[in-house]
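I have placed the structure first, in the form of structure tokens, so that the comments after it can refer back to it.
Proteins come first, then strands; the chains are lettered A, B, ... in the order of their sequence lines, and each starts at number 1. Both backbone and side-chain heavy atoms feed into the values below; hydrogens, waters and symmetry mates do not.
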Amino acid sequence: HRHYDYHDEL
Amino acid sequence: MNAFRLAGDMTHLISVLVLLLKIHTIKSCAGISLKTQELYALVFATRYLDIFTDFISLYNTVMKLIFLGSSFSIVWYMRRHKLVQRSYDKDHDTFRHQLLVLPCLILALLIHEQFTFKEVMWTFSIYLEAVAILPQLVLLQRTRNIDNLTGQYVFFLGAYRSLYILNWIYRYFTEPHYVHWITWISGLVQTLLYADFFYYYISSWKNNVKLTLPA
């Protein structure tokens, strides 16, 4: 699922 | 994690270390905007609400703790430390940073990917980070006398933003469904704010003269 794929960035 | 992202994080880390070095070792915050530092503390506090709830990696958690800890300690130093406080250029650091916070909050309430508290706060932090450098750039423009560490601090921050753009381009082509307009547009706006500074920074470095900004 896409949701957290960009929350791994700081 | 790709090389651009890692290099971006490292230049971000270096910028913070340069600033801490200046404040902690030289006990001076001359030329540093407290307004910008307070905005960064708010950016990290609202962005990393997931720090204890969503574990991504040890690297991620440690970096979050570093950015939270450093941003709050810089604000503490500038406000409370006797010697550091004295070097603070209060009269020139008059940008009303509240004027940035409210519009970013409203924008985050209007434009976001999911209407949850954490996601809206995260989006707010993205918008706020894009403009948080403004008080610092205004201060540099006003004082015009920029010491090496301050110049390097802003340079590394700008480098971090530029490298993140390369990271997004890389991820767009290598990861399926990686499309994030909110982050991209905010990041692009943020990087463009540095363009002017970069121009003068690089030309002063090339000509081997002290960095000054035109009035």
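- Looking at B:Glu119 and A:His7, their side chains come closer than 4.5 Å, going by heavy atoms from C-beta outward.
- Between A:Leu10 and B:Arg5 the shortest side-chain heavy-atom distance falls below 4.5 Å.
- In this structure, chain A has heavy atoms under 4.5 Å from both the backbone and the side chain of B:Asn60.
- For B:Tyr59, the OH atom is densely surrounded, since the number of other residues' heavy atoms within 6.0 Å is greater than 12.
- If you take OG1 on B:Thr183 and CD on A:Glu9, they are separated by 7.0 Å, rounding to the nearest 0.5 Å.
- Summarising the local packing, CH2 of B:Trp76 is surrounded by more than 12 heavy atoms from other residues, nucleotides or ligands at distances under 6.0 Å.
- Other residues, nucleotides and ligands place no more than 12 heavy atoms under 6.0 Å from the CZ atom of B:Phe117.
- For B:Phe198, the CZ atom sits in a packed shell: over 12 heavy atoms of surrounding residues, nucleotides or ligands are nearer than 6.0 Å.
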